[in-house]
Engineer: 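One structure, pasted below without further comment.
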Amino acid sequence: MKLFSAVPVGNARSLNLVAFSAPKRMVLVFVACAGSALAQTYVASRAPSELKKLSLEELLTIEVTSVSRRPEKLAETASAIQVITQEDIHRSGVTSLPEALRLAPNLQVAQVNSHDWAISARGFNNTLANKLLVMIDGRAVYTPLYAGVFWEVQNVLLEDVDRIEVVSGPGGTLWGANAVNGVINIITRSAKDTQGLLVTGGGGSLLQDFGAVRYGGAVGSNFFYRVYGQRFDRNNSILANGNDASDRWDMTQGGFRTDWYPSDANALTFQGDFYAGTLQGGLADTQVDGQNALGRWAHVFSEESELQVQMYFDRTWRDIPNQLAEDLKTYDFDFQHRFACGEGQRIVYGAGYRLMQDRVKNSPLISFLPPDRNLQLFSGFLQDEITLVPERVKFTIGTKLEHNDFSGWEVQPSARLAWTPATNQILWAAISRAVRSPSRIDTDFFFPSPPVPPGVTNFSGSRGFDSENVLAYELGYRVEPFSRLSLSAAPYYNFYEDLRSIDQTSPTSFLFENHFKGEVWGIELSANYRVTDWWRLRGGYNYVHKHLWPTASNALSTVREGNDPQNQFSLQSIMDLPGHLQFDMTARYVDTLPSPNVPSYLTFDVRVAWQFKNLELSIVGQNLLDNRHAEFRGNPPEEIERSVYGKVSWSF
């Protein structure tokens, strides 16, 4: 993956940002209630069920956890949240996590080339987008290099995904820094729900070949396990001029998960993954590998009270020839406790610590100084949900207090009011503050590496770089007008301060500072319609308007972070036909990207499958409406071709 490239800005050159791009009462209530919560009698926790061919009513009662850090029904969630189920993923024919995220109408997802993606919510999208928090089973997939996600190494076995919860809007009160514009929570199925043998394989034009094997078993009646391995090889994308882009991508990955239920009140999970792969491109291939391990203990006191403790280790390594190499080790500890206080309050609190040991090997082109840093993150949060009118009105207030090594202490409060006028509808309003804490690219970056000869254009980070922050105002409405249809609307207005700027300090010197402000407003619409027992439609429309302006005279006014479509539409159709046949289609329209310009496009994917007992044969065509199209503007500009692949899946 190319981290950086240069483009002309006026008469100078700058880094291309497209590629680079509670109050006292709460404390008193908490102290008064915490002791009694620990003494409550426990009840058995309910294991998650497999999501297959759910009715609309069942879909709306899916329990989600990303909004309030406790299980709550999707229909009762006062937030702009989209849930991508295992059925949605399977029936779409997608082959990677980024492709699966296209199914969330509240996200902007663009494929740059064979292995690179630009993914964001509510604007500021680029290949190094930094305002979206992404977790896989509670493990934050985050790099302190630029405060974002390397999507090409997030390669879970899609058959193991239970659901993906996509929350658009700030989540800093519960999840912390970088949950500025949204939270993506990828939740895999327990080992108990993946018993037996699964074998899949296939190949095609872009996805040349792929295969996976998973086996799940049990020891006794309360210990379950699974192991898996998978590999794929992706072909090159194509350059705008029609030539081969030489950006092949291959990845091999394996892992395991165990789930032990020693009693009705306790559940212990231990899981891990390892991967290695090659990203072709540039003068030489980029090599990547990584390993992770996560342990989690949950103890249920009652239906309204649970304690959870989690620890994980994550190592990622990446070698980008002629640019840099990075070895990052992350150690993370987190706990949370939720309980009810009387009849009208639900409280959740927690704390966490993270250590990131970042080791960078510099080059004459790019350097991070100092090359090695140990970055610590301390955090604590408290949130109180107060029932003002039983079964009707709830008020939620909370805050997160966080300390990082770049900008020090950060406070991220929020307040949310939810009204349920009837059992089939909910309205909410919210105001919240969230921050994007500085990354190493903001403070430690130098291009080219010093010493810089006189007269040579150079760029550098600023040790005084502060956190970017947003004050967000949201409204929302979700309704089920009749049993087969659900609708939701979420208008919002975000005001940003201290956004990253490029300041010109001399004719040839440029510095990263916080001299931009901005506002983004828009609306997210979504629908889920069960047309008949054998046909379901889901989709949505997303409108985004962004306006940024400099706050310093030497900030380059022509620089804009992110490249976002103003209008976006998606629709997924899932059909079960006679003769064990399935016919599924996913269509999407993406408006023009303004700068640099990428034309609008309309395309669709089609999946046809035959399923009999434990055998499934399918064929999938992707991007079928044209021979090829651009979705984002990389350097060099590349386009995504029409492709097809076949797949065989067998389980018993």
Side-chain angles (χ1 to χ4, degrees), residues 30 33-51 61-73 135-140 160-163 165 174-175 185-196 215-228 255-273 292-314 331-341 346-354 379-383 385:
F30 165 73
C33 298
S36 62
L38 293 172
Q40 295 179 44
T41 305
Y42 66 79
V43 296
S45 60
R46 186 180 68 180
S49 60
E50 190 173 357
L51 299 168
T61 58
I62 291 174
E63 290 188 339
V64 297
T65 59
S66 301
V67 175
S68 59
R69 280 204 178 209
R70 66 171 179 84
E72 57 183 337
K73 294 179 182 179
M135 296 176 290
I136 300 177
D137 286 328
R139 174 175 56 88
D160 286 348
V161 175
D162 181 70
R163 66 190 186 275
E165 300 177 5
L174 294 180
W175 301 107
N185 195 0
I186 299 150
I187 302 168
T188 65
R189 296 194 282 178
S190 73
K192 183 179 180 180
D193 293 332
T194 53
Q195 297 289 284
Y215 179 75
V219 178
S221 61
N222 61 356
F223 183 87
F224 305 90
Y225 66 88
R226 71 166 175 254
V227 294
Y228 78 93
F256 68 93
R257 173 165 174 162
T258 65
D259 288 281
W260 180 35
Y261 307 96
S263 68
D264 288 341
N266 293 282
L268 292 95
T269 296
F270 184 54
Q271 63 188 82
D273 308 277
N292 66 77
L294 178 147
R296 180 170 53 249
W297 168 59
H299 179 78
V300 177
F301 299 98
S302 73
E303 187 175 341
E304 293 293 339
S305 179
E306 182 183 47
L307 176 68
Q308 182 173 289
V309 178
Q310 176 180 282
M311 300 175 63
Y312 70 78
F313 166 77
D314 191 334
Y331 307 82
D332 187 276
F333 170 82
D334 177 88
F335 89 90
Q336 73 169 57
H337 178 214
R338 64 176 178 89
F339 59 91
C341 184
R346 291 174 172 176
I347 295 173
V348 58
Y349 71 97
Y353 170 75
R354 181 180 299 166
S379 65
F381 73 92
L382 175 63
Q383 180 169 281
E385 181 188 282

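The figures that follow rest on heavy atoms only: side chains count, while hydrogens, waters and symmetry mates do not.
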Engineer: Given Arg338 and Arg346, is the side chain to side chain contact (heavy atoms under 4.5 Å, CB included) satisfied, shown in steps?
Structural biologist: CA-CA 7 Å; Arg338 64 176 178 89; Arg346 291 174 172 176; over 6 Å; no

Engineer: Look at Asp162 together with Arg257 and state whether they make a salt bridge at an N to O cut-off of under 4.0 Å.
Structural biologist: no

Engineer: Check the pair Glu72, Val64 against side chain to side chain contact (heavy atoms under 4.5 Å, CB included), reporting the backbone distance first and the verdict last.
Structural biologist: CA-CA 6 Å; Glu72 57 183 337; Val64 297; 4.2 Å; yes

Engineer: Against Asn185, only a single residue in Thr65, Val67, Ile136 fulfils side chain to side chain contact (heavy atoms under 4.5 Å, CB included); can you say which?
Structural biologist: Thr65

Engineer: Name the one of Phe224, Phe256, Phe223, Tyr312 that satisfies ring-ring contact (aromatic ring centres under 6.0 Å, His included) with Phe270?
Structural biologist: Phe256

Engineer: Drop me the distance from Lys192's NZ to Ser221's OG, to the nearest 0.5 angstrom.
Structural biologist: 9.0 Å

Engineer: Check whether any side-chain heavy atom of Val219 lies under 4.5 Å from a side-chain heavy atom of Trp260, and answer yes or no.
Structural biologist: no

Engineer: Nearest 0.5 Å, what's the CH2-CG distance between Trp297 and Leu307?
Structural biologist: 5.0 Å

Engineer: Verify whether the ring centers belonging to Phe339 and His337 lie closer than 6.0 Å.
Structural biologist: yes

Engineer: Under 30°, 30 to 60°, or over 60°: which ring-plane class applies to Phe313 and Tyr331, parallel, tilted or perpendicular?
Structural biologist: tilted

Engineer: Could you check whether the rings of His299 and Phe301 sit parallel, tilted or perpendicular, using 30° and 60° as the cut-offs?
Structural biologist: perpendicular

Engineer: Mind running side chain to side chain contact (heavy atoms under 4.5 Å, CB included) on Arg69 and Trp175 for me, showing each step along the way?
Structural biologist: CA-CA 9 Å; Arg69 280 204 178 209; Trp175 301 107; 3.2 Å; yes

Engineer: Test side chain to side chain contact (heavy atoms under 4.5 Å, CB included) on Val348 and Phe381; report intermediate values, then the result.
Structural biologist: CA-CA 8 Å; Val348 58; Phe381 73 92; 3.9 Å; yes

Engineer: From Gln310 CD over to Asp137 CG, what is the distance, rounded to the nearest 0.5 angstrom?
Structural biologist: 8.5 Å

Engineer: Between Gln195 (side chain only) and Ala191 (backbone N and O only), is there a donor and an acceptor less than 3.5 Å apart?
Structural biologist: yes

Engineer: Quick check for you: to the nearest 0.5 Å, what is the distance between Thr194 atom OG1 and Tyr225 atom OH?
Structural biologist: 11.0 Å

Engineer: Could you pull out the closest heavy-atom pair between Arg226 and Ser190, with the gap in Å?
Structural biologist: NH1-O, 3.3 Å

Engineer: Could you give the distance from CE (Met135) to CD1 (Ile187), rounded to the nearest 0.5 Å?
Structural biologist: 8.0 Å

Engineer: Answer yes or no: is there a donor N or O on one side and an acceptor on the other, between the side chain of Glu304 and the main chain of Ala340, under 3.5 Å?
Structural biologist: no

Engineer: May I ask you to decide whether Arg189 forms a salt bridge with Asp160, counting only side-chain N to carboxylate O separations under 4.0 Å?
Structural biologist: no

Engineer: Just verifying a value: how many Å separate Gln336 CD and Gln383 CD, rounded to the nearest 0.5 Å?
Structural biologist: 10.5 Å

